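Presented below is the structure to which this report refers.
The structure displayed is predicted, hence computed values, not measured ones. Proteins come first, then strands; the chains are lettered A, B, ... in the order of their sequence lines, and each starts at number 1.
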2 protein chains.
Amino acid sequence: MNDEREQRILDAAETLVLHYGYDKTTISDIAQVAKVAKGTVYLHWKSKEDLFEALFWREIWKYTDDMLTRLQALPVEEWSFISMYEQAMFALSGSALMQAMMRDDTRVLGNFMHKRGDKFLKMKQPMRIELLALMQKAGAIRQDVDIEAANHLISAMSYGMLNMHVIVQPEEAPTLENLIPTMSQMLQRWLVPEDGGNREAARQIIMQMIAAFKTQYQGKEMDDGHSNT
Amino acid sequence: MNDEREQRILDAAETLVLHYGYDKTTISDIAQVAKVAKGTVYLHWKSKEDLFEALFWREIWKYTDDMLTRLQALPVEEWSFISMYEQAMFALSGSALMQAMMRDDTRVLGNFMHKRGDKFLKMKQPMRIELLALMQKAGAIRQDVDIEAANHLISAMSYGMLNMHVIVQPEEAPTLENLIPTMSQMLQRWLVPEDGGNREAARQIIMQMIAAFKTQYQGKEMDDGHSNT
DNA sequence: TTATGACCATATATTCGTTTTTGGTCATAT
DNA sequence: ATATGACCAAAAACGAATATATGGTCATAA
């Protein structure tokens with residue numbers, strides 16, 4: 001099967017869904033932008049939903065890959081919950097589609113959420129709270145921080161950062177990327193002990209997390225997004 | 001004019017609008033709950049919109065009064081940007097209607113926002129950024145904090161806190177009130193210099209702000225919410 | 001063998017006439 | 001003098017008929 005064409009069709013779908021939303025993006029539109037016949041699209045996926053599910057999974061892997069790449073580009077000595085979260089936000093700031101997914105943007109996602117939305121709910125599962133608890137136990141995060149509430153506050157802030165265009169006038173809304181440095185400063189001051197805490201432990205936790213994820217990653221790469229071939 | 005009856009009608013309107021939203025709340029419903037005839041409602045206000053505008057202004061004054069009362073119940077030595085913001089959140093946590101307004105809850109506000117929404121936009125105007133700048137200049141807030149970005153992050157977090165039922169499963173969503181202590185801790189660690197900064201200056205700024213607001217408050221109390229009499 | 005696009009069934013949108021509801025009015029009862 | 005609720009015009013909702021658009025199919029061209 002022609003992988004280049006498949007990516008081209010997915011690229012076209014991405015462009016269109018960001019502009020028109022899922023409900024208003026037709027297979028016909030996608031075929032036109034991708035310069036293939038409409039029937040050709042069905043050589044790759046059995047249905048419109050399958051196509052978009054593939055698109056969203058593709059984006060999730062790209063985002064995750066980007067995040068890991070960014071993190072691993074840092075010196076190991078700089079690894080911490082803060083730097084990890086920071087790099088995740090930088091990766092997120094580079095993907096409009098991922099942002100739309102993260103904020104459940106009904107304008108973009110439309111009816112897809114009703115049909116296949118449950119498949120993506122897990123993405124937002126609070127693995128973070130387990131990570132925070134591990135970090136606190138290991139001494140990388142202050143002992144006097146209520147981990148559950150902190151997790152909620154971080155979620156609240158992320159959600160707000162993803163919706164700045166709603167919170168302030170759209171013309172005045174800061175980009176996600178512009179807020180990241182101050183966000184990192186805030187997390188650092190708030191969560192990290194004054195002496196820096198147990199950085200070595202933090203690094204070990206992150207390393208294990210990355211290793212575990214890579215194991216999972218290798219097993220999953222071939223399964224999602226290809227309904228027929 | 002019968003003030004007790006007016007308040008009773010406003011109470012009825014508040015109960016109904018929180019449950020059914022502006023669009024589905026009829027004057028007939030309100031009259032029934034308030035135990036008056038429908039025509040009686042028009043003795044107080046010329047139109048449905050006027051009634052709801054009065055209701056929203058009433059709520060704003062109640063919220064503001066509550067916030068000031070809470071703040072002034074603190075020892076003056078405890079006054080700071082943090083404590084002020086904290087008390088504002090406590091006041092907010094006690095008002096479902098105020099929360100709906102702050103998060104532009106379309107389920108509650110419906111068409112009212114199209115008709116009179118611009119009147120309430122000013123409420124959310126960033127007086128906070130001026131206050132933060134004043135506090136930083138006076139030494140009550142760290143010098144290395146980007147005030148503009150900080151303002152946006154605080155807005156983002158507030159917005160997220162007001163929308164926790166969207167961010168996590170509604171059954172698991174924490175109440176606004178439960179998040180306040182951790183939020184205060186975060187703000188304290190992030191913004192306040194380690195030696196506490198210039199607390200006296202912070203107090204003076206807040207005192208002036210309260211005095212200025214009380215002056216304005218006295219002048220406005222009789223004007224808003226009474227379209228006829 | 002594979003890409004194509006006309007075709008089809010169904011979903012969605014539009015139109016129109018009818019019915020119901022609602023905000024607001026005011027003659028009347030109290 | 002004031003509260004009431006029947007009434008009215010207009011808005012909103014409803015349902016049926018009609019028109020259009022879309023996802024998916026497959027005979028055919030390449």
Side-chain angles (χ1 to χ4, degrees), chain A residues 1-17 19-56 106-116 226-229, chain B residues 1-17 19-56 106-116 226-229:
Chain A
M1 181 69 73
N2 193 329
D3 192 63
E4 185 274 328
R5 187 176 62 194
E6 180 166 299
Q7 296 306 311
R8 199 164 80 240
I9 296 173
L10 288 175
D11 290 344
E14 182 178 358
T15 299
L16 290 165
V17 78
H19 195 261
Y20 297 108
Y22 174 80
D23 297 334
K24 293 297 177 185
T25 297
T26 65
I27 296 291
S28 206
D29 295 334
I30 295 170
Q32 199 171 343
V33 171
K35 298 190 194 306
V36 295
K38 193 170 150 202
T40 307
V41 176
Y42 292 88
L43 296 178
H44 295 268
W45 303 278
K46 275 168 68 172
S47 65
K48 180 181 178 179
E49 282 180 31
D50 281 0
L51 183 160
F52 276 97
E53 183 168 327
L55 174 65
F56 294 139
T106 55
R107 194 194 64 84
V108 172
L109 304 174
N111 277 315
F112 187 83
M113 295 313 291
H114 302 141
K115 299 176 183 182
R116 307 254 175 128
H226 296 269
S227 302
N228 58 349
T229 47
Chain B
M1 182 67 75
N2 194 329
D3 192 62
E4 185 273 329
R5 187 176 64 194
E6 181 167 299
Q7 296 305 312
R8 199 163 80 240
I9 297 173
L10 288 175
D11 291 341
E14 180 176 3
T15 301
L16 291 164
V17 77
H19 196 259
Y20 297 107
Y22 173 80
D23 296 337
K24 292 298 176 188
T25 298
T26 65
I27 295 292
S28 205
D29 295 333
I30 295 170
Q32 197 172 346
V33 172
K35 299 188 196 307
V36 295
K38 195 172 149 196
T40 306
V41 176
Y42 291 90
L43 296 178
H44 294 268
W45 302 279
K46 275 167 69 175
S47 65
K48 178 181 180 179
E49 281 180 33
D50 280 358
L51 184 161
F52 276 96
E53 184 169 327
L55 174 65
F56 294 139
T106 55
R107 195 194 63 82
V108 173
L109 303 176
N111 276 317
F112 186 84
M113 294 314 292
H114 302 143
K115 301 179 184 184
R116 307 253 175 128
H226 296 264
S227 301
N228 58 351
T229 53

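- Note on B/K35: nothing from the nucleic acid sits closer than 4.0 angstrom, heavy atoms only.
- Axis angle between the ends of the helix from C/dT1-D/dA30 to C/dT30-D/dA1, five pairs each and rounded to 10 degrees, works out to 20°.
- Picking from C/dG24, D/dG24, C/dT4 the nucleotide with the shortest atom distance to the side chain of A/K48 gives D/dG24.
- Considering every non-hydrogen atom in both A/K48 and A/T25, the closest pair reads NZ-O, 2.9 Å.
- Atom CG in A/D23 sits about 14 Å away from atom C1' in D/dA21, given to the nearest Å.
- Taking the nucleotide of DNA chain D with the nearest heavy atom to each of B/V36 and A/Y22, the more 5' of the two is matched to B/V36.
- Side-chain proximity of B/L43 to the nucleotides C/dG23, D/dT4, D/dA13 is greatest for D/dT4.
- Annotation: of the two residues near DNA chain C, B/S28 and A/T40, the 5′-most nearest-nucleotide partner is A/T40.
- Summarising the geometry, the separation between CD on A/E4 and P on C/dT2 is reported as 17 Å, rounded to the nearest angstrom.
- The backbone N or O of A/N111 lies less than 3.5 Å from a partner atom in the side chain of A/D23, making a donor-acceptor pair.
- Put simply, the side chain of A/Y42 reaches to within 4.5 Å of the side chain of A/I27, judged on heavy atoms.
- Distance from the side chain of A/R5 is smallest for C/dA3 among the nucleotides D/dA3, C/dA3, D/dT4.
- By the 4.5 Å heavy-atom criterion applied to side chains, B/M113 and B/V108 are not counted as neighbours.
- Every residue two or more places apart in sequence or in another chain that forms a ring pair (Phe, Tyr, Trp, His ring centres under 6.0 Å) with B/Y22 is listed here: B/F52, B/F112.
- Using a 4.0 Å heavy-atom criterion, one finds that A/T26 contacts the sugar-phosphate atoms exclusively.
- Atom-to-atom, OH of A/Y20 to P of D/dA21 comes out at 15 Å; the value is rounded to the nearest Å.
- Closest to the side chain of A/Y42, out of C/dT4, D/dG23, C/dG24, is D/dG23.
- Here D/dG23 presents its C1' atom at 15 Å from CZ of A/F112, a figure rounded to the nearest Å.
- The shortest side-chain heavy-atom distance between B/L43 and B/E6 does not fall under the 4.5 Å cut-off.
- Summarising the geometry, the separation between CD1 on A/I27 and P on D/dC26 is reported as 17 Å, rounded to the nearest angstrom.
- If you measure from atom CG of A/N111 to atom C1' of C/dT12, you get 11 Å, rounded to the nearest angstrom.
- When rounded to the nearest whole Å, the span between CD of A/E49 and C1' of C/dA11 equals 14 Å.
- Here the P atom of nucleotide D/dG23 and the CD atom of A/Q32 are 13 Å apart, to the nearest Å.
- Contact record, A/T40 with A/H44: O-CD2, 3.5 Å, taken as the closest heavy-atom pair.
- Phosphate contact (OP1/OP2 of D/dA13, side-chain N/O of B/K24, threshold under 4.0 Å): present.
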Could you list the donor-acceptor pairs under 3.5 angstrom formed between side-chain atoms of residues 8-16 of chain A and any protein atom two or more places apart in sequence or on another chain?
from: A/R8; atom 1: NE; to: A/A34; atom 2: O; distance (Å): 2.8
from: A/R8; atom 1: NH1; to: A/E4; atom 2: OE1; distance (Å): 2.9
from: A/R8; atom 1: NH1; to: A/E4; atom 2: OE2; distance (Å): 3.2
from: A/R8; atom 1: NH2; to: A/A34; atom 2: O; distance (Å): 3.2
from: A/D11; atom 1: OD1; to: A/R58; atom 2: NH1; distance (Å): 3.0
from: A/D11; atom 1: OD1; to: A/R58; atom 2: NH2; distance (Å): 2.8
from: A/E14; atom 1: OE1; to: A/R58; atom 2: NH2; distance (Å): 3.3
from: A/T15; atom 1: OG1; to: A/D11; atom 2: O; distance (Å): 3.1

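- Here the side chain of B/K38 is nearest to one of D/dG24, C/dG24, C/dA3, namely C/dG24.
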